[in-house]
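Written out below as structure tokens is the structure these notes cover.
This structure is a prediction, so every number in the text was calculated from the model and none was measured.
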Amino acid sequence: MNREYHRWYSNHLGRDMELLVFGHAGRAVLFFPPRMGRFYDYENWGVVASLADRINDGELQLFCVDSVDEESFYNGWSHPDARINRHLQYEQYILCEVLPLMNTKKPDNDFEAAGCSMGAYHAANIALKHPHLFNKLVCMSGRYDLTRSVQCFRDLFDGYHNENIYFNMPRQFVANMHDECLLANIRRLDMLLAIGETDPFKNDNYEFSELLGWKGINHQFHTWHGYAHAPRSWRKMVQLYL
């Protein structure tokens with residue numbers, strides 16, 4: 001399998017960033033890691049290996065990016081405004097630095113966004129804000145409103161709310177989206193949500209799926225037996241959904 005390690009200084013983030021590319025041809029998947037995850041997690045957990053045949057056959061290329069969740073959403077020492085601003089810097093890194101790299105490998109811009117756990121949030125947020133850049137969105141075990149407390153998972157902004165937070169919570173901004181051009185681009189996406197029956201965010205996923213339906217956004221919704229919020233389930237999910 002073709003495997004490439006990339007590292008460069010990101011002007012948008014003010015530090016070095018790393019990522020791994022797997023594959024030599026095919027659909028280019030921007031693959032976000034789980035909560036506070038690293039660019040090598042999917043390789044270490046066997047998620048990449050579960051797709052080896054399709055990667056080697058030139059069907060898929062995976063671009064496994066790093067996260068800055070510890071500097072943004074999970075940085076409890078910083079003000080919530082600083083947390084969302086750090087996330088916005090990360091988004092610019094993805095849009096202005098990672099996507100151009102993907103374009104060198106896939107010049108026809110056949111891009112997909114995908115992720116597991118917090119990675120599903122990142123994938124949904126960027127694809128729903130910039131749907132013209134992607135053709136497919138795959139969200140596994142995701143959470144789509146980080147301001148909502150669910151069981152032991154707290155509001156990541158401690159009750160604080162502003163416009164930047166609003167426009168980066170898919171459940172919030174999609175609910176009030178009326179731009180028909182933007183909605184048309186979203187409706188064009190091949191979109192899929194998958195969640196475990198006992199996942200704490202099951203109801204969040206059901207409600208988000210209903211919201212998408214109200215907006216006329218066709219998508220697939222799959223419920224998995226049990227918790228299904230772990231690498232052993234994600235190894236199976238990617239084989240079915242990517």
Side-chain angles (χ1 to χ4, degrees), residues 22 26-37 41-55 59-65 67 69 73 110-129 131 134-146 148 150-153 169-172 174-175 186-242:
F22 298 93
R27 292 177 287 115
V29 181
L30 175 63
F31 207 3
F32 291 96
R35 177 172 55 125
M36 294 186 284
D41 285 343
Y42 291 132
E43 181 180 36
N44 288 352
W45 295 338
V47 175
V48 174
S50 71
L51 295 167
D53 288 346
R54 294 166 63 195
I55 293 172
E59 180 184 341
L60 287 175
Q61 300 176 82
L62 301 182
F63 292 76
C64 297
V65 294
S67 75
D69 293 340
F73 302 129
D110 187 6
F111 296 163
E112 305 178 8
C116 304
S117 187
M118 182 64 110
Y121 157 80
H122 284 295
N125 191 50
I126 201 164
L128 294 173
K129 288 171 64 180
F134 301 94
N135 294 321
K136 185 174 180 178
L137 171 62
V138 178
C139 301
M140 298 161 277
S141 308
R143 176 184 184 183
Y144 305 106
D145 188 343
L146 308 182
R148 300 181 74 190
V150 179
Q151 296 183 21
C152 63
F153 297 91
M169 298 300 118
R171 276 187 50 132
Q172 296 185 29
V174 172
I186 292 175
R187 291 168 184 146
R188 178 188 56 80
L189 290 172
D190 180 5
M191 189 184 310
L192 184 146
L193 310 178
I195 193 72
E197 290 176 326
T198 60
D199 190 300
F201 295 103
K202 179 191 71 173
N203 289 337
D204 180 71
N205 276 252
Y206 280 124
E207 292 170 11
F208 187 51
S209 177
E210 287 184 351
L211 170 60
L212 293 173
W214 293 336
K215 289 293 182 179
I217 300 169
N218 292 326
H219 61 285
Q220 298 179 53
F221 186 89
H222 298 277
T223 304
W224 281 59
H225 177 70
Y227 183 56
H229 196 128
R232 64 179 178 275
S233 297
W234 298 332
R235 287 192 290 269
K236 298 174 183 177
M237 288 182 186
V238 295
Q239 291 176 316
L240 295 171
Y241 305 143
L242 288 189

Classify the ring geometry between [X] and [Y] as parallel (under 30°), tilted (30 to 60°) or perpendicular (over 60°).
X      : Y      : result
Tyr241 : Trp224 : perpendicular
Phe153 : Phe201 : tilted
Tyr42  : Trp45  : perpendicular

- Without hydrogens or angle criteria, can the side chains of Thr223 and Tyr206 be said to hold a donor-acceptor pair below 3.5 Å? yes
Drop me the distance from [X]'s [atom1] to [Y]'s [atom2], to the nearest 0.5 angstrom.
X      : Y      : atom1 : atom2 : value
Asn205 : Met140 : CG    : CE    : 12.0 Å
Leu62  : Glu112 : CG    : CD    : 9.5 Å
His225 : Thr198 : NE2   : OG1   : 8.0 Å
Leu30  : Phe63  : CG    : CZ    : 9.0 Å
Asn203 : Gln151 : CG    : CD    : 9.0 Å
Leu137 : Asp190 : CG    : CG    : 9.0 Å

Okay, side chain of [X], backbone of [Y]: is any donor-acceptor separation there less than 3.5 Å?
X      : Y      : value
His219 : Ile217 : yes
Lys215 : Ala175 : yes
Asp204 : Tyr144 : yes
Arg188 : Phe134 : yes
Ser67  : Phe32  : no
Glu59  : Gly26  : no
Arg54  : Gln239 : yes

Between [X] and [Y], is any pair of side-chain heavy atoms under 4.5 Å apart?
X      : Y      : result
Val48  : Phe31  : no
Phe208 : Asp145 : no
Met118 : Arg143 : no
Leu60  : Phe22  : no

Assess whether atom [atom1] of [X] is packed by more than 12 heavy atoms of other residues, nucleotides or ligands within 6.0 Å.
X      : atom1 : answer
Arg35  : CZ    : no
Lys129 : NZ    : yes
Asn218 : CG    : no

Taking every non-hydrogen atom, the tightest pair across [X] and [Y]:
X      : Y      : value
Leu242 : Lys136 : C-NZ, 3.8 Å
Leu212 : Met191 : CD1-SD, 3.7 Å
His229 : Ser117 : NE2-OG, 3.0 Å
Ala124 : Cys139 : CB-SG, 3.8 Å
Ser141 : Asp199 : CB-OD2, 4.1 Å
Pro34  : Trp234 : CG-CZ3, 3.9 Å

